[in-house]
J.: 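Questions regarding the structure given below will be posed in turn.
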Amino acid sequence: MSLAPAPATASLLAANVPALRRRDFPADFRWGCSTSAYQIEGAATLDGRAESIWDRFCTVRGNIRDGSSGAVACDHYHRWPEDLDLAAQLGIGAYRFSIAWPRILADGAGKPPNAKGLDFYSRLIDGMLARGLEPWATLYHWDLPQRLQERGGWSHRDTVDEFAEFTDVLSRRLGDRVRRWITHNEPWCSAFIGCYDGTHAPGLRDWRTALQACHHVLLSHGRAVQVLRANVPGAQVGIALSLHPNSSASASAADVAATRRYDGLRNRWFLDPLYGRGYPADIWALCGDNAPRMESSDLATIAAPTDFLGVNYYFPETIAHAPNDGPMSARVVPTPGAERTDLGWEVSPAGLLVLLERLQREYGAQQIYITENGASYEDHPAADGTIDDAKRCLYLQQHLLAVREAIERGLPVKGYFAWTLMDNFEWAEGYTRRFGLVHVDFATQQRRLKHSGAWYRSFLRE
Ligand code: FCB
């Protein structure tokens, strides 16, 4: 039994988590951390970077809880060597990051790419390789160039062509060193949170626009797969979806049907077309006239075979029938007795197992990587500077136990990336929510390893 937790968390863990050792996972299991460009880089106007939809969204009062933006964030654009050192010291072998589109095609498709932007990522990747970190590049983690939003953003079909060009430019420049590519991070959020809920950039609230945007995001994924295959021999390509296992609030026929509809939009709307089944007919019917406009080859493009599925797992959802709640007439209700993080997200390692089983059973997913998993808790640095984030330690350990169990059951989970290396700009929550293994003091930019980071390091280095 070698849990090797940070000292102050030992008692909490011993009570809850049985032995968890790295050697109980396959030797070739990938261990990593994830970040994204807008959340950490800062330097929003430097070296030719153009405006993104998040820069614009953050200027609107009320959009971001603390009125902040990613203009400075963790200043990773300047501090990346220190940050990669931290990542390497954790003992991870893989680092998932994203590339800011507005740094690369600042002036638009057909115009020369921004050399300074490309140079930045080229240096960053060399820095990863020099430290033994395998680069896992995400092409789109929500920072669409604002100039594209001006003509409709993801709801405009031309954005798909621009994304293909962006992918082409990047893969030509970086493909000699980057083998792992993730096309999109969480299309659900780009489309439905951004264009229907309006609580993420670009802040629209229109169902038809959201459905069309979603279709184009998926289509652009398929196009990017084609481009990557052509440009990068041996590329390993996937997409990272935010997926949520769900259960019905009651056994009533109404709640069960609502759960099916909710799941249809939240999970099947993405998985079905990616796995070659087209859009789920039940949800398509509910969309009526708002269903996305498609061309005849679109579904084949979306279903381009990938090498792995990225799963971002945070929480399960309990669903009840709610006639006035959105196009699915369904509502997420609290699960009785559920434990929650400080952000209110339900904690359920068992949900991860349920999800992974479903992905294999219903979709035959071959290689699954957990591309994000983590928890937001308020961290209170002690007088001596230590950060005893015992709950985050426990969260990670419980979810890793679920992953281990999944592997024991024969499910094809090949890697795990903790969200996130360091505290950062948490979208509409600004800097009020911390997910990092490393604490960031945003006034001084000082980084300090939390106990969760120390635990992950000792686990990985066992
Ligand atoms: C995910 C996002 C990631 C981060 C975590 C907490 O949905 O992909 O950027 O904000 O949630």
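Counting convention: from 1, in listed order, for ligands and their atoms alike. Sequential numbering from 1 along the given sequence is applied to the chain's residues.
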J.: With a 4.0 Å cut-off on N to O distance, would you call Arg447 and Asp441 a salt bridge?
T.: no

J.: Run the salt bridge (Lys or Arg N to Asp or Glu O under 4.0 Å) check on Arg434 and Glu426 step by step: do they pass?
T.: CA-CA 8 Å; Arg434 295 177 179 272; Glu426 180 44 39; over 6 Å; no

J.: Between the main-chain N or O of Ser452 and the side-chain N or O of Asp389, is there a donor-acceptor pair closer than 3.5 Å?
T.: yes

J.: Among Trp142, Tyr313, Tyr314, Trp188, which one puts a heavy atom closest to atom 11 (O) of ligand 1?
T.: Tyr314

J.: Starting from atom 7 (O) of ligand 1, which protein heavy atom do you reach first, and at what distance in Å?
T.: Glu186 OE1, 2.6 Å

J.: I'd like to check which ligand 1 atoms, numbered from 1 as shown, lie under 4.0 Å from a non-hydrogen atom of Phe435.
T.: 6 (C)

J.: Using a strict 4.0 Å cut-off to heavy atoms of Asn185, name the atoms of ligand 1 that fall inside it.
T.: 8 (O)

J.: For residues 197-205, tabulate all N or O donor-acceptor pairs below 3.5 Å that involve a side-chain atom, not counting sequence neighbours.
T.:
from, atom 1, to, atom 2, distance (Å)
Arg205, NH1, Asp197, O, 2.5

J.: Should the proximity of Thr420 to ligand 1, defined as any heavy atom under 4.0 Å, be assigned to the side chain, the backbone, both, or neither?
T.: neither

J.: State the atoms of ligand 1, each with its element, that fall below the 4.0 Å cut-off from a heavy-atom position in Glu426.
T.: 4 (C), 6 (C), 10 (O)

J.: Mark yes when over 12 heavy atoms from residues, nucleotides or ligands other than Gln366 sit less than 6.0 Å from its CD; otherwise mark no.
T.: no

J.: With atoms numbered from 1 as shown, which atoms in ligand 1 lie under 4.0 angstrom from a non-hydrogen atom of Trp427?
T.: 3 (C), 4 (C), 9 (O), 10 (O)

J.: Among all protein non-hydrogen atoms, which one is nearest to atom 1 (C) of ligand 1, and what is the separation to 0.1 Å?
T.: Glu372 OE1, 3.2 Å

J.: Aromatic rings Tyr314 and Phe435: how do their planes relate, parallel, tilted or perpendicular, breaks at 30° and 60°?
T.: perpendicular

